[in-house]
Amino acid sequence: MTASGLLNVRPIIQAPMAGGASSPDLVAAVHGAGATGSLAAGYLSTDALAAQIAAVREQGVDTFVVNLFVPSDLEGDPDRLHEYRQELAEEAERHGATIGEAVHDDDGWGAKLDLLTQDPVPIVSFTFGCPSADVLARLREAGSATVVTVTTVEEARLAAAQGADALCVQGVEAGGHRATFDPVHGHDRPLLDVLPDVIEAVDIPVIGSGGVMTGRDVAAVLDTGAVAAQLGTAFLRCPESGAQPDHKLALSDPTFIETALTWAFTGRPARGLVNRFIDEHLGAPFAYPEIHHMTKPLRAAAAKAGDTGGMALWAGRGWRKSRDLPAAELVEKLRAEASEAGVQV
């Protein structure tokens, strides 16, 4: 099946959420309800990714996405990283944790590509950049449709020219990492502002993501001409989600009043609930994945202690509309709400 046909059959997509939220159980539940689930390969070892793919297939899922982080050659400034390490000392002391090493790696890029060409999955998507035309062609020859996540018309045109089968347009409302190719000079536009411009600029299927929480939101995305809507934060509170329990609770905690883009946790812009960590590290440098590796033990210690002030509570701007429902029930509600808005999904 072509990328266009595949996405038109399943126009609701559960977004890949690195760090554990996109569990095989969530993907299977979403698939069983007639939507498309996504596994996040980011931060996983190649063996762990293979195990998650196997777990999804064992549950009878034949349509799903695997998302990869595109590596960057841009390394962080050593002096700024040293300054940030000193700044993190108080946070480390809070829970008796050790600051991680500022490692610059490619998240197992080559090994994961080898896995996905030797054991192809239906769809492979990409975040943080556009792979080379050779990589996209290699995956297509293996039998996978390819989707590149973009945030601007310029990025969309580049990805289409490189041979992507489809695009996922991410608005600034999205929770978690911004997909921008250039984290230092990215342009942030709301989804329903940038989405029509991308659709007009390219002749391949386009998905809309960012702040999509309800069936009415799904309908608004599809009304632009997009073939599908992708939702992440909307699925975080589902019991099948692998998000930390305290993260799920934070999404309904009235003491959290806003989200913001921050570089403090990973060194790339990402949207989360504003907490102590974000407020105390407003001057964090751009340095991904070095800062991700530095703060990983601190975030883990905060999660173990139930300290939401030190956790990365990724969430999109519409987080207040998140629902504590089994994934299948949520998909059905989204479908009913979209129908009420005049769009059948």
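Reckoned from all heavy atoms, side chains included, excluding hydrogens, waters and symmetry mates.
Between Asp307 and Arg299 no salt bridge is recorded (no basic side-chain N to carboxylate O distance below 4.0 Å). Salt-bridge formation is not detected for the pair Glu258/Arg317: no Lys NZ or Arg NE/NH1/NH2 atom is positioned less than 4.0 Å from an Asp or Glu carboxylate oxygen. The pair Arg138-Glu141 does not meet the salt-bridge criterion, since no charged nitrogen lies less than 4.0 angstrom from a carboxylate oxygen.
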* Could you walk me through whether Thr151 and Asp188 pass the side-chain contact (heavy atoms from CB on, under 4.5 Å) test, one step at a time? => CA-CA 7 Å; Thr151 62; Asp188 295 323; over 6 Å; no
* To do: Determine, stepwise, if the pair Tyr84 / His281 fulfils side-chain contact (heavy atoms from CB on, under 4.5 Å).
  => CA-CA 9 Å; Tyr84 196 54; His281 304 291; 3.6 Å; yes
* Could you go step by step and tell me if Arg57 and Ile53 meet the side-chain contact (heavy atoms from CB on, under 4.5 Å) rule? -> CA-CA 6 Å; Arg57 287 174 171 154; Ile53 292 171; 3.5 Å; yes
* Apply the test salt bridge (Lys or Arg N to Asp or Glu O under 4.0 Å) to residues Glu154 and Arg157: give CA-CA distance (whole Å), side-chain angles for both, the deciding distance (0.1 Å), then the verdict. => CA-CA 5 Å; Glu154 293 74 21; Arg157 287 179 173 143; 5.1 Å; no
* **Candidate pair Trp109 and Phe69, rule ring pair (Phe, Tyr, Trp, His ring centres under 6.0 Å), full reasoning** => CA-CA 8 Å; Trp109 172 252; Phe69 287 166; over 10 Å; no
* **Criterion side-chain contact (heavy atoms from CB on, under 4.5 Å) on Leu334 and Leu231, from CA distance to verdict** => CA-CA 10 Å; Leu334 293 170; Leu231 303 83; 3.9 Å; yes
* Asked: What do the steps show when you test Glu91 against Arg276 for salt bridge (Lys or Arg N to Asp or Glu O under 4.0 Å), and what is the final call?
  -> CA-CA 10 Å; Glu91 191 69 31; Arg276 181 192 73 245; 2.6 Å; yes
* To do: Carefully, step by step, assess Asp253 and Thr255 under the rule side chain to side chain donor-acceptor pair (under 3.5 Å).
  => CA-CA 5 Å; Asp253 185 340; Thr255 62; 2.7 Å; yes
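Inspection of the Thr146 and Asp165 side chains reveals an N or O donor paired with an N or O acceptor under 3.5 Å. Using a 3.5 Å distance cut-off with no hydrogens or angles, the side chains of Ser339 and Gln344 do pair a donor with an acceptor. Defined by atom type and a distance below 3.5 Å, a donor-acceptor pair is missing between the side-chain atoms of His104 and Glu75.
Judged by a 6.0 Å distance limit and a 45° cone about the ring axis, Arg268 is positioned over the six-membered ring of Phe128.
A donor-acceptor pair is defined here as one N or O able to donate and one able to accept, closer than 3.5 Å; no such pair exists between the side chain of His31 and the backbone of Phe64. For the pair Asp217 (side chain) and Met213 (backbone), a donor-acceptor distance under 3.5 Å is present. For the pair Ser22 (side chain) and Met17 (backbone), a donor-acceptor distance under 3.5 Å is present. Between the side chain of Thr233 and the main chain of Trp319, no donor-acceptor pair closer than 3.5 Å is present. In terms of modelled atom types and a separation under 3.5 Å, the side chain of Ser209 and the main chain of Val169 share a donor-acceptor contact. Counting only distance, with no hydrogens or angles, the side chain of Asp106 and the backbone of Gly108 share a donor-acceptor pair below 3.5 Å. A donor-acceptor contact shorter than 3.5 Å is absent between the side chain of Arg271 and the backbone of His177. Distance alone, capped at 3.5 Å, places no donor-acceptor pair between the Asn67 side chain and the Ala40 backbone. Looking only at distances, a side-chain donor or acceptor of Lys248 sits under 3.5 Å from a matching main-chain atom of Ser241. Using modelled atom types, no side-chain atom of Asp25 and backbone atom of Glu240 make a donor-acceptor pair closer than 3.5 Å.
Across every non-hydrogen atom of Ala284 and Arg80, the tightest pair is C-NH2, 4.2 Å. Residues Val61 and Ala28 come closest through the heavy atom pair CG2-CA, 3.6 Å. Here the closest non-hydrogen pair linking Pro269 and Trp263 is CD-NE1, 3.3 Å. Across all their heavy atoms, Glu155 and Asp182 have their closest contact at OE2-N, 4.3 Å. The nearest pair of heavy atoms linking Ile278 to Gly272 is CD1-O, 4.3 Å. Minimum interatomic distance between Ala164 and Leu136 (heavy atoms only, all atoms of both residues): N-CD1, 3.6 Å.
Grouping the Ile, Leu, Val, Met, Phe, Trp and Tyr side chains by contacts below 4.5 angstrom, directly or via other members, places Val70 with Leu68. Tyr43 and Met294 end up in different hydrophobic clusters when Ile, Leu, Val, Met, Phe, Trp and Tyr side chains are linked at under 4.5 Å. Residue Phe235 is grouped with residue Leu191 when hydrophobic side chains (ILVMFWY) are merged at heavy-atom distances under 4.5 angstrom, including chains of intermediate members. Ile199 and Val345 fall within the same hydrophobic cluster, where Ile, Leu, Val, Met, Phe, Trp and Tyr residues are linked whenever their side-chain heavy atoms come under 4.5 Å apart, directly or through other members. Under the 4.5 Å side-chain heavy-atom criterion for Ile, Leu, Val, Met, Phe, Trp and Tyr, Ile291 and Phe286 are members of distinct hydrophobic clusters.
The side-chain heavy atoms of Tyr288 and Ser72, taken from C-beta on, include no pair separated by under 4.5 Å. At a threshold of 4.5 Å between non-hydrogen side-chain atoms, the residues Gln170 and Val150 do not count as touching. In this structure the side chain of Val218 never reaches within 4.5 angstrom of the side chain of Val343, judged on heavy atoms. Under the 4.5 Å side-chain criterion, counting only non-hydrogen atoms from C-beta, Pro131 is not in contact with Gln162. Thr98 has its side chain out of reach of Pro297: every pair of non-hydrogen atoms, C-beta onward, lies at least 4.5 Å apart. At least one side-chain heavy atom of Phe277 sits under 4.5 Å from a side-chain heavy atom of Leu88. By the 4.5 Å heavy-atom criterion applied to side chains, Arg178 and Leu261 are counted as neighbours. Ile12 places none of its side-chain heavy atoms less than 4.5 Å from the side chain of Thr36.
For Arg323, the CZ atom is densely surrounded, since the number of other residues' heavy atoms within 6.0 Å is greater than 12. In Glu101, the CD atom is not crowded: 12 or fewer heavy atoms of neighbouring residues, nucleotides or ligands sit closer than 6.0 Å. Atom CD of Glu200 sits in a sparse spot, with 12 or fewer heavy atoms from other residues, nucleotides or ligands closer than 6.0 Å. Within 6.0 Å of atom NZ in Lys112, more than 12 heavy atoms from other residues, nucleotides or ligands are found, so the atom counts as buried in its surroundings. Other residues, nucleotides and ligands place more than 12 heavy atoms under 6.0 Å from the CD atom of Gln86. Other residues, nucleotides and ligands contribute over 12 non-hydrogen atoms within 6.0 Å of the CG atom of Asp62.
Interatomic distance, CG of Leu330 versus CG of Asp324, reported as 10.5 Å (0.5 Å rounding). To the nearest 0.5 Å, atom CG of residue Asp47 and atom CG of residue Leu115 are 9.0 Å apart. The distance from the CG atom of Asp77 to the CD atom of Glu290 is 10.0 Å, given to the nearest 0.5 Å. Note: Leu158 CG to Thr152 OG1 = 9.0 Å, rounded to the nearest 0.5 Å. The OG atom of Ser23 lies 8.5 Å from the CG atom of Leu39; values are rounded to the nearest 0.5 Å. Rounding to the nearest 0.5 angstrom, the gap separating the CD atom in Glu329 from the SG atom in Cys238 is 9.5 Å.
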